Protein chains: 2
Amino acid sequence: MIDQTQLKRISDALPILQKSNTQLIRDFQQVAFFAKIPAGHDVFLEGDRVDAIALLLSGVVRVYKIGETGREITLYRFGNGQSCILTANAILSQKTFPAVATVEQDAEAVMIPAKDFREWVARYDVWREFVFELLSQRLATVMAIVDEIAFRRMDARLASLLLTRSRVQNPMRVTHQEIAAELGSSREVVSRLLEDFSERGFVRVGRGEVEVIDPDGLQSRSNA
Amino acid sequence: MIDQTQLKRISDALPILQKSNTQLIRDFQQVAFFAKIPAGHDVFLEGDRVDAIALLLSGVVRVYKIGETGREITLYRFGNGQSCILTANAILSQKTFPAVATVEQDAEAVMIPAKDFREWVARYDVWREFVFELLSQRLATVMAIVDEIAFRRMDARLASLLLTRSRVQNPMRVTHQEIAAELGSSREVVSRLLEDFSERGFVRVGRGEVEVIDPDGLQSRSNA
DNA sequence: ATTTTGTCGGTGACAAAGTCACCAAGTTTC
DNA sequence: GAAACTTGGTGACTTTGTCACCGACAAAAT
């Protein structure tokens with residue numbers, strides 16, 4: 001149950017509600033509920049049965065696969081106003097959740113029970129569009145990942161990752177282990193590649209920190 | 001344009017039409033058209049703009065990615081009554097086709113122009129369900145592939161593949177190259193693994209042919 | 001301030017997988 | 001029957017993942 005003051009805040013974060021008609025908004029207020037999830041908390045584990053879908057108001061969730069050896073690979077992240085479409089998928093096809101989702105940055109979310117979610121998909125155009133859009137985006141990103149891991153070399157992928165991250169935060173705070181989990185590789189491999197990049201003067205590395213100092217060098221690696 | 005005799009045949013192959021109301025069927029007859037596509041023909045290439053979606057009546061289409069070195073990996077196949085959801089995805093999100101689709105066995109298909117397809121998704125529940133279902137299935141299979149290539153070893157994956165295929169056709173007609181394209185590996189690797197399997201008495205290999213003779217042996221490999 | 005504990009990263013040896021170059025044996029075509 | 005193509009075998013090498021182990025640094029406890 002969502003009251004009017006909450007609704008205001010939620011509306012600001014969820015563009016989809018602004019496009020909704022009054023009927024959907026009323027339904028929303030009735031069944032949705034508010035939740036805070038602290039960083040480090042797992043939202044779903046592989047094989048979980050899903051009974052509600054979360055729309056994120058703030059924070060970031062990482063969705064990843066984990067192998068038997070403990071190696072991880074990130075499938076995608078979602079944040080503001082987005083939702084974990086895998087949840088939706090699991091709900092609609094009555095399957096269990098096929099990956100792990102963890103909160104990276106403290107998240108606030110609106111939860112909608114599976115049953116209502118399913119009804120809304122049938123009843124409201126806006127809602128259906130929203131789900132479609134997400135499903136479609138995720139299929140695209142996951143296919144892109146298949147392409148990456150099947151065909152691109154690790155040094156190229158690492159170079160790409162460093163370039164992308166460096167545009168957000170340059171001496172970036174990240175451990176080798178975290179990078180490995182991002183790429184589906186192992187810490188040792190990432191360490192060796194970073195050492196190589198460092199010797200070539202592409203980056204400067206410190207404990208829990210990487211700084212890109214030659215973007216062009218990395219760029220040419222990422223194209224190789 | 002589809003006439004009544006054709007419609008009969010098409011209905012038999014497409015369960016979705018049997019569930020459709022008369023309005024959708026009328027629309028279908030108006031805009032759909034019939035096509036035969038011979039084996040070996042590429043339906044879409046990576047980057048193609050999509051202007052129609054195909055529903056398969058017969059035959060099999062393989063959808064795969066191809067890397068710079070020419071290595072391939074199969075994403076999925078579809079046959080009778082199914083459709084290439086990537087096409088749908090490309091249509092709905094106005095993107096280009098992100099892979100290659102080739103006809104493996106002579107195919108007959110009903111084509112529906114992109115414009116009409118998009119309208120139907122909005123207008124007809126059955127149609128939307130159909131598309132949703134496919135999108136959802138594909139996302140699941142592609143995620144399973146990420147898991148495979150990121151974490152499972154090649155010998156285990158090859159063993160699984162051989163087991164699955166052998167249930168359909170036992171001395172199976174397939175070249176090492178084709179197996180490699182299935183798994184996203186290279187011919188040499190597949191050849192070496194098959195040689196190893198052969199020495200252990202799991203399979204018997206001949207030119208363009210593989211016969212599984214110890215399913216249990218392969219099974220234990222596939223679990224490793 | 002020193003010890004303890006845990007995190008982070010470096011190293012060498014090895015195994016698995018992909019690449020390259022080249023060759024040999026079958027098969028098809030002319 | 002020769003030529004061209006397809007299929008697969010081989011060795012050398014590179015890249016990537018795994019394992020075991022160690023040292024450096026940082027935060028917490030004493």
Side-chain angles (χ1 to χ4, degrees), chain A residues 40 65-73 145-162 171-200 203-211 221-222 224, chain B residues 40 65-73 145-162 171-200 203-211 221-222 224:
Chain A
K65 281 268 186 187
I66 185 163
E68 291 179 14
T69 58
R71 223 160 88 223
E72 299 179 5
I73 183 166
I145 288 177
V146 170
D147 207 280
E148 279 231 339
I149 56 186
F151 303 128
R152 290 183 74 201
R153 286 193 16 202
M154 214 58 220
D155 57 347
R157 296 178 55 206
L158 177 59
S160 296
L161 182 72
L162 294 176
M172 58 195 105
R173 301 249 12 125
V174 64
T175 68
H176 298 185
Q177 180 59 64
E178 283 162 359
I179 296 177
E182 198 65 29
L183 298 173
S185 180
S186 67
R187 182 186 57 77
E188 293 91 322
V189 172
V190 171
S191 288
R192 281 167 200 146
L193 289 173
L194 281 176
E195 189 186 7
D196 179 74
F197 284 1
S198 166
E199 278 164 10
R200 291 171 196 277
V203 300
R204 223 190 316 265
V205 295
R207 187 183 172 90
E209 190 175 272
V210 181
E211 182 181 7
R221 265 311 181 92
S222 92
Chain B
K65 280 268 185 187
I66 185 163
E68 290 178 15
T69 60
R71 224 160 86 222
E72 298 178 8
I73 184 167
I145 289 178
V146 170
D147 208 280
E148 279 230 344
I149 55 185
F151 304 127
R152 289 184 74 201
R153 284 192 17 199
M154 212 58 219
D155 57 347
R157 296 177 55 206
L158 177 59
S160 296
L161 182 72
L162 293 177
M172 58 196 104
R173 302 252 6 128
V174 64
T175 67
H176 298 185
Q177 180 60 64
E178 283 162 358
I179 296 177
E182 198 65 29
L183 299 174
S185 179
S186 67
R187 183 187 57 77
E188 294 91 323
V189 172
V190 171
S191 288
R192 282 168 199 148
L193 289 173
L194 281 175
E195 189 187 7
D196 179 75
F197 284 180
S198 167
E199 279 164 8
R200 290 170 197 276
V203 299
R204 223 189 316 266
V205 295
R207 187 182 172 90
E209 191 174 272
V210 181
E211 182 181 6
R221 265 311 179 94
S222 92

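Keep in mind the model is a prediction, meaning the values are calculated, not measured. Order of the sequence lines sets the chain letters (A, B, ...), proteins ahead of strands, with each chain counted from 1.
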*Asks:* OP1, OP2 of C:dG18 versus side-chain N and O of B:S185: anything below 4.0 Å?
*Replies:*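 Indeed, a polar side-chain atom of B:S185 lies that close.
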
*Asks:* How would you give the extent of chain A contacts on DNA chain D, as first and last nucleotide 5' to 3' within a 4.0 Å heavy-atom cut-off?
*Replies:*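 Contacts span D:dT15 to D:dA26, reading 5' to 3'.
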
*Asks:* Any donor and acceptor pair, going by atom type alone, linking the side chain of A:R157 with main-chain N or O of A:L183 inside 3.5 Å?
*Replies:*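 Yes; at least one donor-acceptor contact below 3.5 Å.
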
*Asks:* Please compare A:G208 and B:M154 by the position of their nearest nucleotide in DNA chain C and report the one closer to 5'.
*Replies:*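 Result of the comparison: A:G208.
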
*Asks:* Using OP1 and OP2 only, check whether a side-chain N or O of A:H176 sits under 4.0 Å from C:dG9.
*Replies:*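 A:H176 to C:dG9 OP1/OP2: side-chain N or O found under 4.0 Å.
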
*Asks:* Of B:Q177 and B:R192, whose nearest nucleotide on DNA chain D comes first from the 5' end?
*Replies:*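 Here B:Q177 is the residue nearer the 5' end.
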
*Asks:* Atom CG in B:L194, atom NE2 in B:H176: separation rounded to 0.5 Å?
*Replies:*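 Here the rounded value is 5.0 Å.
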
*Asks:* Between A:R192 and A:D196, does at least one N-O distance fall below 4.0 Å, as a salt bridge requires?
*Replies:*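 Not counted as a salt bridge, because no side-chain N and carboxylate O are separated by less than 4.0 Å.
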
*Asks:* I'd like to know if the side chain of B:R152 pairs up with that of B:S160 as donor and acceptor (distance under 3.5 Å, no hydrogens or angles considered).
*Replies:*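 Indeed, the side chains of B:R152 and B:S160 share at least one donor-acceptor pair under 3.5 Å.
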
*Asks:* Closest heavy-atom contact between A:R71 and A:S185?
*Replies:*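 Minimum heavy-atom separation between A:R71 and A:S185: CG-O, 3.3 Å.
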
*Asks:* Using a cut-off of 6.0 Å, state whether more than 12 heavy atoms not belonging to B:E68 lie near its atom CD.
*Replies:*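 12 or below, so no.
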
*Asks:* For C:dG18 and B:R187 - does any side-chain N or O of the residue sit under 4.0 Å from the phosphate oxygens OP1/OP2?
*Replies:*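 False: B:R187 side-chain N/O out of range (4.0 Å or more) of C:dG18 OP1/OP2.
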
